[in-house]
Amino acid sequence: MTDVTVINEVTTDTGLSREVLMNLGPQHPSTHGVLRLLLQMDGEIIERVEPHIGLLHRGTEKLFESFTYTQIFPLTDRLDYLCPPSNNLGYALAVEALLGIKAPERAQYIRVIMAELSRISGHLLITGALPMDVGAMTSLLYTMRDREMVMDLMEMISGVRMHTSFCRVGGVREDLPEGCAARILEFCDIFAARISDYETLLDNNRIFLARVENIGNITGEDAIALGLSGPNLRASGVDWDIRRDEPYEIYDQLEFEVITRDDGDCYDRWKCRVDEMRESLRMIRQCVRQMPEGDILIDDPKIAFPVDKDLLAHSMETHIHHFELAAYGFKVPKGEVYTAIEAPKGELGYYLISDGSEKPFRLKVRAPSFVNLQALTERTTNIKYLADVIAMLGSLDPVMGEVDK
Amino acid sequence: MAPTELSLAPVLQLYEQRVGIDNTAADMSCLKVPPDDLVELCRHLRDDPLLNFDFLSDICAVDFHPEAPRFLLVYHLFSIRHKWRLRLKCYLGDPAVAPTVTPVWTTANWHEREAFDMYGIKFDGHPDLRRIYMWDGFDGYPMRRDFPLRGYKDDYNPMGVDQPVDWGSG
């Protein structure tokens with residue numbers, strides 16, 4: 001943050017005015033990863049913000065083209081690394097759409113439970129990190145403590161805390177372990193009270209409010225033109241949620257409210273997420289209650305491993321299919337599909353073109369953070385001072401893994 | 001009264017001979033449009049109250065090397081009011097040049113920069129057409145099908161493919 005270039009010096013009535021270029025990042029705690037912002041400033045007043053991204057670019061889309069459909073799951077984990085189950089889900093839906101199959105109902109419930117848990121985990125980070133960026137250190141410690149409960153649940157379900165890779169084409173990897181439903185419900189009870197704690201801590205905190213209220217307002221119209229989606233769009237008063245409007249999996253069987261707010265400022269974007277966590281809890285509770293017994297993977301030996309592992313020892317045919325699947329993967333019929341899901345950050349789209357082989361011809365990820373981050377460059381928002389840029393960036397909640405792909 | 005189903009017949013009639021329909025995919029309607037009519041069509045799709053495609057979800061570039069036409073731009077549109085989706089396809093030759101749709105949707109800015117960075121597709125009239133992921137001075141377009149997965153060999157990439165390629169003025 002020390003690199004300063006003076007590009008213009010003007011002497012005015014009030015004294016010397018200096019126009020400077022300053023680097024913010026890429027190693028800076030408030031940039032939430034490796035984001036570099038080039039700021040053109042007149043004193044402390046921001047004149048231009050230019051994000052330089054790509055420091056975390058791993059060529060995920062290039063790698064997709066050389067991986068089989070099953071191998072791609074771990075790659076999708078690393079897009080929005082706060083919420084891997086959502087990324088898995090979106091990708092699985094795209095492949096399933098081309099194959100013309102649907103996961104069994106129980107698998108769909110498990111996927112939705114995990115996606116909503118991960119939404120809580122993603123939103124928890126921003127709930128604590130935005131206040132931390134503007135000076136309230138305590139909140140992050142609280143939210144990280146609670147996020148640990150979600151991580152424990154993820155570990156219980158999938159065996160790992162972060163990169164779960166739990167979805168498979170045609171279902172999920174394993175059934176929920178014994179006692180998991182009770183643990184999830186227990187978490188819901190504890191966490192519901194914690195959300196109120198955050199609100200008492202921050203919602204009436206004058207210092208926090210002064211830093212985020214009426215900062216970075218985006219009107220609904222501008223937000224749509226900018227392509228914002230998810231909580232960032234709903235905070236600007238646009239009532240659109242893919243879970244409700246184009247329901248996928250079992251979202252049409254769940255009751256939930258779509259949270260919208262009116263002002264579209266940093267506070268609204270933060271508050272929108274806090275309220276969304278409550279709705280997620282509601283959905284998780286319903287899922288646990290409604291979840292039917294049954295298969296967790298489709299019964300198609302050419303696409304999925306057999307659920308009954310004993311068959312491998314007895315049936316030669318199962319054995320052959322298992323070998324083929326493990327060694328070469330499965331073929332997906334020629335065609336193209338675009339599936340969009342409501343990921344925690346917004347519309348997560350997968351555009352898949354298949355040429356009929358075991359590997360995708362082209363798989364494009366419409367990463368919500370990538371699009372949301374663009375809002376920083378636009379001068380339609382009322383960012384005035386350097387400190388406002390930090391609040392704006394925090395409230396947009398970009399995850400660099402997804403921005404850079 | 002708001003229409004309940006997307007009807008593309010008026011658009012096809014208005015842009016007779018220029019815009020065609022593509023029925024290959026089942027997930028949503030798809031229009032094929034030549035680059036020359038792209039911006040006009042996009043503006044029409046956004047402003048016509050019966051269509052109202054105000055949200056540009058995504059722009060995806062595809063490389064069909066060695067087939068011709070080599071490049072394809074796929075636009076995914078969404079109407080927040082009507083909740084329907086539409087796909088636009090625009091085939092491009094090599095070297096690929098397409099008009100920019102940033103005046104229609106601001107969000108196209110970074111999507112087009114990405115397509116330029118990864119595929120070398122030029123967007124006429126783009127306000128700020130620079131590389132977005134790769135650094136300035138990077139040679140080549142990584143997502144093209146003739147670009148090796150491991151990249152080309154240099155000091156930082158000893159495992160790369162050992163073959164220099166002339167990328168032209170691109």
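Note: hydrogens, waters and symmetry copies are ignored here, and every other heavy atom, side chains too, is used. Quick caveat, the model's predicted, so the values are computed rather than measured. Order of the sequence lines fixes the chain letters, A, B, ..., with proteins taken first and strands second; residue numbering starts at 1 for each chain.
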Which bit of [X] comes within less than 4.5 Å of chain A, counting heavy atoms only: side chain, backbone, both or neither?
| X | answer |
| --- | --- |
| B/I80 | side chain |
| B/V104 | neither |
| B/R46 | neither |
| B/R131 | neither |
| B/D63 | backbone |

Can you see which heavy atom on A/T76 is nearest to which on A/N88, and at what distance?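 That closest heavy-atom pairing would be OG1-ND2, 2.9 Å.
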
Looking at every heavy atom in both B/L88 and B/C42, which two are closest together, and how far apart are they? CD1-SG, 3.8 Å

Need one label for [X]: side chain, backbone, both or neither, based on atoms under 4.5 Å from any heavy atom in chain B.
| X | result |
| --- | --- |
| A/L98 | neither |
| A/L233 | side chain |
| A/E347 | side chain |

Classify the ring geometry between A/Y351 and B/H76 as parallel (under 30°), tilted (30 to 60°) or perpendicular (over 60°). perpendicular

When only pairs under 4.5 Å are counted, which of A/G54, A/A225, A/G59, A/A340 shares the most heavy-atom pairs with chain B?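 With the most close heavy-atom pairs to chain B, the winner is A/A225.
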
Determine, for B/F147 and A/K62, whether the Lys NZ or Arg CZ falls below 6.0 Å from the six-membered ring centre while staying within 45 degrees of the axis.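 No.
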
